[in-house]
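Just below is one structure, and these are the notes that go with it.
Values reported hereafter were calculated over all heavy atoms of this structure, with side chains retained and with hydrogens, waters and symmetry mates removed.
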Amino acid sequence: MFDKYSPLDDKMVQVMDNEGNIINPDLMPDLSDEQIVKAYKDMLFERTADLMTVSYQRQGRIYTYPPNYGQEAIHIASAFVIEEDDWVVPAFREMGIYLAKGATLKEIFLYFMGYEDGTVFKNAKNILPISVPIASQLPHATGVGYALKYKGLKQAVFAYIGDGGTSEGDFHEALNFAGVWKVPVVFTVQNNQYAISTRKEDQTASINYAVKAIAYGIKGIKVDGNDFFAMFSVVKQARELAVNHYEPVLIEAVTYRKGAHTTSDDPSKYRDQEEEKQWDLRDPLRRLKAYLIKKGLWSDEQEEKLVSEYKKQVDRIFTEAENYGPYLLEDVFKYMYADMPEDLKQQMLEHQRFLRWKQEFFKTQKQAINN
Amino acid sequence: MFDKYSPLDDKMVQVMDNEGNIINPDLMPDLSDEQIVKAYKDMLFERTADLMTVSYQRQGRIYTYPPNYGQEAIHIASAFVIEEDDWVVPAFREMGIYLAKGATLKEIFLYFMGYEDGTVFKNAKNILPISVPIASQLPHATGVGYALKYKGLKQAVFAYIGDGGTSEGDFHEALNFAGVWKVPVVFTVQNNQYAISTRKEDQTASINYAVKAIAYGIKGIKVDGNDFFAMFSVVKQARELAVNHYEPVLIEAVTYRKGAHTTSDDPSKYRDQEEEKQWDLRDPLRRLKAYLIKKGLWSDEQEEKLVSEYKKQVDRIFTEAENYGPYLLEDVFKYMYADMPEDLKQQMLEHQRFLRWKQEFFKTQKQAINN
Amino acid sequence: MKVMNLVNAINNALDIKLAEDQNVIVYGEDVGKEGGVFRVTEGLQKKYGKERVFDSPLAESAIVGTAVGMAAAGLRPVVEMQFSGFVYPAFNQIISHAARFRNRTRGRYPTPIVIRMPYGGGINALEHHSESMEALFGHIPGVKVVIPSTPHDAKGLLISAIESDDTVIYMEPKRIYRAIKQEVPEEKFSIPLGKAKIIQKGDDLTIVTYGALVREVQKAAVLAKKQGISVEIIDLRTIYPIDRETIRESVRKTGRIMTVAESPRSFSVASEITQIVIEEAFLYLEAPPRRVAGFDTIVPLPKGEHHYMITPEKILYEILNIVNY
Amino acid sequence: MKVMNLVNAINNALDIKLAEDQNVIVYGEDVGKEGGVFRVTEGLQKKYGKERVFDSPLAESAIVGTAVGMAAAGLRPVVEMQFSGFVYPAFNQIISHAARFRNRTRGRYPTPIVIRMPYGGGINALEHHSESMEALFGHIPGVKVVIPSTPHDAKGLLISAIESDDTVIYMEPKRIYRAIKQEVPEEKFSIPLGKAKIIQKGDDLTIVTYGALVREVQKAAVLAKKQGISVEIIDLRTIYPIDRETIRESVRKTGRIMTVAESPRSFSVASEITQIVIEEAFLYLEAPPRRVAGFDTIVPLPKGEHHYMITPEKILYEILNIVNY
Ligand SMILES: Cc1ncc(C[n+]2csc(CCOP(=O)(O)OP(=O)(O)O)c2C)c(N)n1
Ligand SMILES: Cc1ncc(C[n+]2csc(CCOP(=O)(O)OP(=O)(O)O)c2C)c(N)n1
Ligand SMILES: [Mg+2]
Ligand SMILES: [Mg+2]
């Protein structure tokens with residue numbers, strides 16, 4: 001596929017149409033029915049968890065949260081390709097991938113509840129933390145790739161970024177280094193059409209995001225990111241290029257952010273419902289579900305049942321997260337350095353003295369403070 | 001030319017071969033013999049001044065200096081296109097352009113003698129100062145371009161950078177902004193084969209530097225930067241695209257840094273004489289001179305005479321620069337802010353008090369200080 | 001007069017300057033159509049058009065870098081960093097160019113740029129959305145650093161910042177963006193940069209503070225008063241150049257001084273003020289100048305942020321410490 | 001023992017660590033074939049191969065950013081910024097990642113990175129090649145900042161820095177790169193980070209300094225001695241975390257303290273040390289702590305640099321000022 005493809009033609013690799021028909025059988029991946037059903041279920045889980053998280057946020061039970069709604073095929077297709085020893089370098093909108101890598105939903109909840117603990121992904125192998133400063137994670141991916149190659153390991157790195165992120169200098173530098181160093185990194189741009197409120201016309205004049213690969217002498221490909229099969233095939237082949245030939249790859253996965261940028265955002269300020277409706281037709285779950293139903297592998301009843309199970313499961317996990325232990329004062333200091341500098345110790349002790357004083361003082365003074 | 005050209009073919013636009021024969025008459029610019037002779041003289045002047053500056057540096061009469069040796073065709077061809085109202089955004093290795101823009105050789109000397117005064121280019125219209133942090137000047141060019149377009153002025157901006165500079169994030173951001181804003185900026189990469197000691201293979205894996213334009217939806221072209229005629233034609237047409245169509249352009253001008261990176265550098269550490277010899281055949285002055293001699297427009301005798309005049313002229317200017325006035329204490333403070341903050345005034349006064357004390361103290365104490 | 005919060009006041013200042021000076025240009029990430037993530041620029045694109053108020057690509061270095069170029073060509077750009085935690089990609093442009101162009105060109109090319117950015121903690125935000133790193137800017141020769149604490153000041157200082165021929169880092173305490181409402185004149189007025197304001201007279205102790213913490217210090221001063229302690233509060237307003245005179249006169253009177261700020265404490269504004277006080281009023285001091293500042297740690301995520309934030313109680317504690325020295 | 005200058009000593013430390021630890025990787029602009037513009041890494045590529053010592057593309061942000069990734073995957077990168085004036089493009093990677101990865105991941109991913117950079121004035125250099133902005137790094141929670149002043153210290157501190165599991169900003173006073181020669185043990189040794197060194201005992205006054213200015217302070221101390229003034233000199237060695245104890249003990253003894261550094265004075269290391277002294281030894285002070293530092297200006301180009309540089313005479317002047325307070 002990569003041999004024949006040029007991003008300059010601005011074609012988008014597709015396997016399945018909006019109604020779930022396979023329109024490009026050559027690229028249809030060799031997955032069993034069970035695997036495909038499993039993929040659909042994973043997408044459904046991600047979506048359920050995601051929508052519920054947004055509603056928890058509305059209830060004030062969790063802080064700012066960036067929804068994944070609409071981007072599930074990218075995540076689950078990637079997750080199906082990524083091997084246990086492979087590395088993942090997140091941005092912040094790839095929940096399905098973190099989960100597949102071994103992060104727990106509880107951790108993700110903890111993170112957005114405001115615990116650093118939630119981005120450690122303790123039992124997940126080879127995944128870096130969520131990265132908030134746009135594009136800044138990509139050089140890390142290139143660096144991890146260098147280390148893997150240096151150590152002679154046959155592992156790939158999967159790095160994520162959004163369409164807007166391609167404008168940052170770090171995108172350029174990371175991909176340029178990757179091209180020179182020939183490291184096994186698959187860079188995926190999730191082109192969800194928006195960087196908060198900003199569209200492509202204000203972001204870049206390139207014909208698409210995939211062509212940017214040309215600037216780095218690496219392969220670039222544009223794929224329908226709402227098409228599970230196309231996404232899987234592209235990522236799979238990208239991994240092979242990376243691992244077997246040390247060829248970094250840039251994937252532009254075309255998708256749509258169906259939700260808000262974050263729960264603090266109101267998309268109605270900058271886009272209209274007509275557009276949203278058009279994209280509903282290309283919804284990744286809708287399409288894979290249509291495929292499965294046609295093949296007799298899935299039904300609305302099964303879905304209803306599963307979603308209600310998922311909801312219970314998610315809710316149980318969320319409650320568990322809500323009952324997570326306290327955030328201790330020492331947790332603020334403990335991880336700053338390998339050994340805590342004396343000065344930091346003193347700052348902590350001083351604060352503890354203050355806390356003891358406070359308890360005493362306001363007990364005796366019975367003073368009200370209008371905070 | 002731009003319509004037919006694609007940087008993906010990795011062809012280099014040429015008009016003249018190494019022996020001064022016109023091999024691509026279609027692109028031969030419409031310049032009079034006098035103009036061509038003038039161009040050659042300007043290149044000769046730049047080279048003479050440059051080589052002499054290096055020798056002044058060897059004599060300890062000037063500080064670190066980055067030679068232009070070998071890159072004169074880029075400068076003088078550009079200078080022939082750049083109009084009076086156009087803007088120039090320098091890197092630091094484009095002496096011929098600064099001079100054409102109205103900067104004086106004396107100023108350039110002053111700069112490398114260690115006076116900020118030397119980069120003001122007081123009587124030169126629309127030229128920014130020399131910029132040392134690599135690539136950081138390119139966003140300025142885009143910003144100037146925006147201002148020109150905003151004000152409805154029909155002027156272009158000419159910005160310069162080296163091959164190594166294309167790896168910096170600012171290169172990417174500046175060109176991307178230029179593409180989105182559609183500003184009249186001509187970006188010229190002087191690909192002199194080296195970033196200090198680093199070659200292209202360690203700098204980028206792209207097939208050339210011109211293709212990087214694709215990432216920004218702008219036109220890119222690779223031209224023989226040692227071929228005065230090719231360079232002139234390309235810059236000329238780029239200016240037209242910029243001014244008439246608000247199309248930014250990226251020019252890769254292929255050349256060779258015949259001298260050291262700066263006078264602190266020793267190229268023998270990282271390149272061999274064989275390579276230098278090969279490039280001597282492509283020397284921009286050698287080629288244009290061959291053309292002129294064939295046309296009977298120039299002779300060795302004329303050259304000898306002119307160079308010796310130039311040498312005298314340069315030497316006179318240099319001596320003038322050497323006799324430039326003192327750098328006053330207040331010059332350190334005066335230009336920091338529009339109005340000098342009280343605190344800075346006090347710092348200056350305090351230092352003056354110290355200076356007075358010092359004079360007194362060491363007069364009376366007659367103490368020697370081993371500085 | 002009109003009741004405004006900080007967001008309204010900043011918007012109003014931008015509106016006034018856009019209206020009266022064609023050279024003023026406002027841009028940054030999402031500042032156009034959406035009016036910024038905090039709605040500070042809301043309505044301005046509609047009013048002044050896409051050429052004057054617009055969304056830039058997502059790249060802070062080029063946002064500041066293009067502003068340097070625009071300024072050189074005669075415009076007066078006002079750019080936004082979406083959060084102060086994302087200004088670092090622009091550091092090179094700020095320190096190497098915005099701060100230096102005037103000096104480099106001996107005054108030929110000044111840089112009348114305003115770089116606005118919301119800063120500070122207390123809003124339960126994601127990582128990088130809560131820091132207070134104003135001291136970094138204070139150490140950069142060639143820029144001015146301004147932090148307002150009220151809607152009134154926000155307007156008057158921003159107008160001065162836009163009219164200044166120097167680059168001004170204008171940091172907006174986002175925690176109080178909408179928390180403080182005040183009557184603010186609708187017409188244009190300006191407040192000079194570099195002048196602190198005594199917002200409460202007192203005898204026993206001087207507290208220097210700025211931004212969102214002014215309010216917390218005011219609360220602490222009420223508590224202190226109940227303890228019989230009279231606090232003089234100085235709102236610094238400008239971090240660089242610092243108004244040494246106001247600080248000097250106050251501390252010479254009270255004999256005690258404390259700086260309250262949210263940033264990491266080492267190499268902070270508080271340290272600088274202590275140095276200034278030592279230079280200006282050593283012999284007047286009845287107690288060592290104190291700093292009440294953040295820890296030298298990263299601002300914790302929301303669940304731990306309360307450990308980090310400076311409360312009126314903490315300020316009171318420090319007041320008692322210094323007064324009982 | 002072998003006579004080494006600073007360049008030799010740093011090269012030697014890198015050599016030792018490259019030899020004993022396969023995870024150590026050295027890269028940056030021109031550090032490979034050429035051995036760096038100051039020849040600090042000369043010979044290392046030849047000895048250890050291109051995979052371990054190499055030229056990177058010209059991009060500081062990615063140099064530091066890839067180092068963060070390498071560190072996460074188990075390597076110990078030592079990267080070079082060609083001059084400290086060119087570290088700013090890497091600021092985001094330093095402040096947002098190198099300094100924060102350990103804390104963000106609760107210790108799972110430490111960042112054992114050394115970021116080397118020549119800094120400081122006095123070599124008649126082009127613009128951006130003479131600054132001393134160590135205070136900026138001091139204010140960033142999560143990094144350590146080290147500055148050696150002798151070949152011996154340069155070696156021992158660099159070995160500690162490479163072995164540290166934290167990111168260390170290692171600033172090299174380029175003015176004395178080749179100016180100081182000294183016997184240095186050839187075998188491996190290390191000097192702990194965070195510990196200052198008293199390099200001269202004295203009674204009347206403590207001077208804290210570091211880097212190239214140690215030598216200037218030593219010259220001034222000789223002059224002072226002729227005036228009957230006995231100076232205790234502390235070489236700070238580590239800018240963060242600062243060795244409060246050594247400073248405290250010294251100033252409690254001498255009663256006077258002065259910090260000598262080349263950086264802009266506002267928000268500087270000097271200000272921080274004054275604050276520390278105030279906290280630790282207020283009642284012992286016989287005179288206000290002074291700072292002898294650069295102006296709050298840009299370092300002038302060579303013809304004006306003498307106005308800016310801190311000379312032994314200037315230090316002596318300040319010594320007399322503080323002693324005669
Ligand atoms: C360096 C930096 N600048 C600004 C921001 C604020 N910000 C957060 S997300 C975002 C838009 C990102 O858009 P895109 O890359 O398309 O990713 P998406 O959110 O659409 O997944 C911005 C500007 C940031 N996090 N980091
Ligand atoms: C941001 C930055 N990093 C490093 C340097 C040091 N430096 C000066 S010139 C140079 C190489 C530039 O190479 P290139 O862009 O090819 O331009 P050339 O010198 O060949 O004209 C380097 C690394 C710098 N000036 N700025
Ligand atoms: Mg997006
Ligand atoms: Mg070059």
Single hit among C:Met70, C:Arg52, C:Gln45, C:Glu51 for side-chain contact (heavy atoms from CB on, under 4.5 Å) with C:Tyr27: C:Met70
Ion pair A:Glu276/A:Lys258, N-O distance below 4.0 Å: no
Is C:Glu216 salt-bridged to C:Arg175, cutoff N-O under 4.0 Å? yes
Go through the atoms of A:Asp170 and report whether side chain, backbone, both or neither lie under 4.5 Å from a heavy atom of chain C. neither
Answer with side chain, backbone, both or neither: which region of A:Tyr111 has an atom nearer than 4.5 Å to a non-hydrogen atom of chain C? both
Classify the ring geometry between A:Phe112 and A:Tyr65 as parallel (under 30°), tilted (30 to 60°) or perpendicular (over 60°). perpendicular
Chain A contact via C:Ser61 - side chain, backbone, both or neither, heavy atoms under 4.5 Å: neither
Checking A:Gln203, A:Arg257, A:Glu252 against A:Asn191 for side-chain contact (heavy atoms from CB on, under 4.5 Å), the one that qualifies is A:Glu252
Can the positive tip of C:Arg265 be found less than 6.0 Å from the middle of the six-membered ring of C:Phe295, inside 45° of the ring normal? no
Just wondering, more than 12 heavy atoms not from A:Gln59 lying within 6.0 Å of its CD? yes
Residue C:Ser266 versus chain A: region with a heavy atom under 4.5 Å: side chain
Portion of A:Leu329 that has a non-hydrogen atom of chain C nearer than 4.5 angstrom: both
Given A:Pro133, A:Ala195, A:Ser264, A:Ala135, the one with more heavy-atom pairs under 4.5 angstrom with chain C than any other is A:Pro133
Using a cut-off of under 4.5 Å for heavy-atom pairs, which of A:Ile134, A:Thr64, A:Leu355, A:Ile196 has the most such pairs with chain C? A:Ile196
When the 4.5 angstrom heavy-atom criterion is applied to A:Leu344 and chain C, the contacting part is side chain
Should the pair C:Lys303-A:Glu116 be classified as a salt bridge under the 4.0 Å nitrogen-to-oxygen rule? no
Got a salt bridge between C:Glu80 and C:Arg116, using NZ or NE/NH1/NH2 to carboxylate O under 4.0 Å? yes
Near A:Gln273 CD, under 6.0 Å, is it more than 12 heavy atoms from other residues, nucleotides or ligands? no
So, the part of A:Leu110 with a heavy atom under 4.5 Å from chain C: the answer is neither
Per-residue contact mode, C:Gln82 against chain A (heavy atom under 4.5 angstrom): side chain
With a 4.5 angstrom heavy-atom cut-off, is it the side chain or the backbone of A:Arg353 that approaches chain C, or both, or neither? both
Could you look at C:Ile298 and say if it's the side chain, the backbone, both or neither that has a heavy atom under 4.5 Å from chain A? both
Do any of residues 330-342 of chain A come closer than 4.5 Å to chain C, heavy atom to heavy atom, and if so which ones, in number order? A:Val332, A:Phe333, A:Met336
For the pair C:Lys225 and C:Asp204, find out whether any cationic side-chain nitrogen is under 4.0 Å from an anionic carboxylate oxygen. no
With a 4.0 Å cut-off, would you call A:Glu107 and A:Lys122 a salt bridge? no
